[in-house]
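Because the structure is a prediction, the values reported are computed rather than measured.
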Amino acid sequence: MARRFMDDDMANWEAYVSGGQPGSPKVSRIFFLCLDSPMNRARYVEHDSGSVAEAERALIEMSDDDLRAVLADSVGND
């Protein structure tokens with residue numbers, strides 16, 4: 001499940017959840033891709049639950065304002 005939204009600068013973003021190896025620090029991350037500037041590297045936040053299902057549920061329930069706030073807290077993907 002992916003969500004599309006626009007940031008305060010009118011750039012279009014896509015947010016989605018990616019699951020890693022269970023028990024690893026990368027188990028549930030919400031990633032952000034800038035659709036208007038695909039050369040920019042992806043950004044992410046780790047979801048506190050450590051569960052892909054919970055992170056996806058949270059993503060579905062977030063408003064666009066919530067997504068903009070989470071994007072502001074995100075870090076660049078290494």
Check the angle between the aromatic planes of Phe31 and Tyr16 and answer parallel, tilted or perpendicular using the 30° and 60° thresholds. parallel

Could you tell me the separation between the CZ atom of Arg4 and the CG atom of Leu35, rounded to the nearest 0.5 Å? 5.0 Å

Which heavy atom of Ala11 sits nearest a heavy atom of Cys34, and at what distance? CB-SG, 4.3 Å

Counting only heavy atoms from other residues, nucleotides and ligands, does the tally under 6.0 Å from CE of Met1 exceed 12? yes

Could you state whether Leu59 and Leu71 fall into the same hydrophobic cluster, counting links through intermediate Ile, Leu, Val, Met, Phe, Trp or Tyr residues with side-chain heavy atoms under 4.5 angstrom apart? yes

Same cluster (ILVMFWY, side-chain, under 4.5 Å), Phe32 and Val17: yes

Would you give the length of the straight line joining atom CG of Asp64 to atom CH2 of Trp13, rounded to the nearest 0.5 angstrom? 14.0 Å

Where Ala58 and His47 come nearest, the two heavy atoms and their spacing: CB-NE2, 3.5 Å

From Arg68 atom CZ to Asp65 atom CG, the distance as rounded to the nearest 0.5 Å: 4.5 Å

To the nearest 0.5 Å, what is the distance between CG (Asp36) and CG (Asp7)? 8.5 Å

What one should report as the nearest heavy-atom pair of Val52 and Ser28 is N-CB, 3.9 Å

Looking only at heavy atoms, the pair that brings Glu54 and Ser49 closest together is CB-OG, 3.3 Å

For the hydrophobic clusters of this structure (ILVMFWY residues joined by side-chain heavy atoms under 4.5 Å, transitively), does one cluster hold both Tyr44 and Val70? no

Pairwise distance CG(Leu67) to CZ(Phe5) - rounded to 0.5 angstrom: 5.0 Å

For the residue pair Ser74 and Val45, what are the closest heavy atoms and their distance? CA-CG1, 3.5 Å

Hey, what do you get for CD (Glu61) to CZ (Arg3), rounding to the nearest 0.5 Å? 10.0 Å

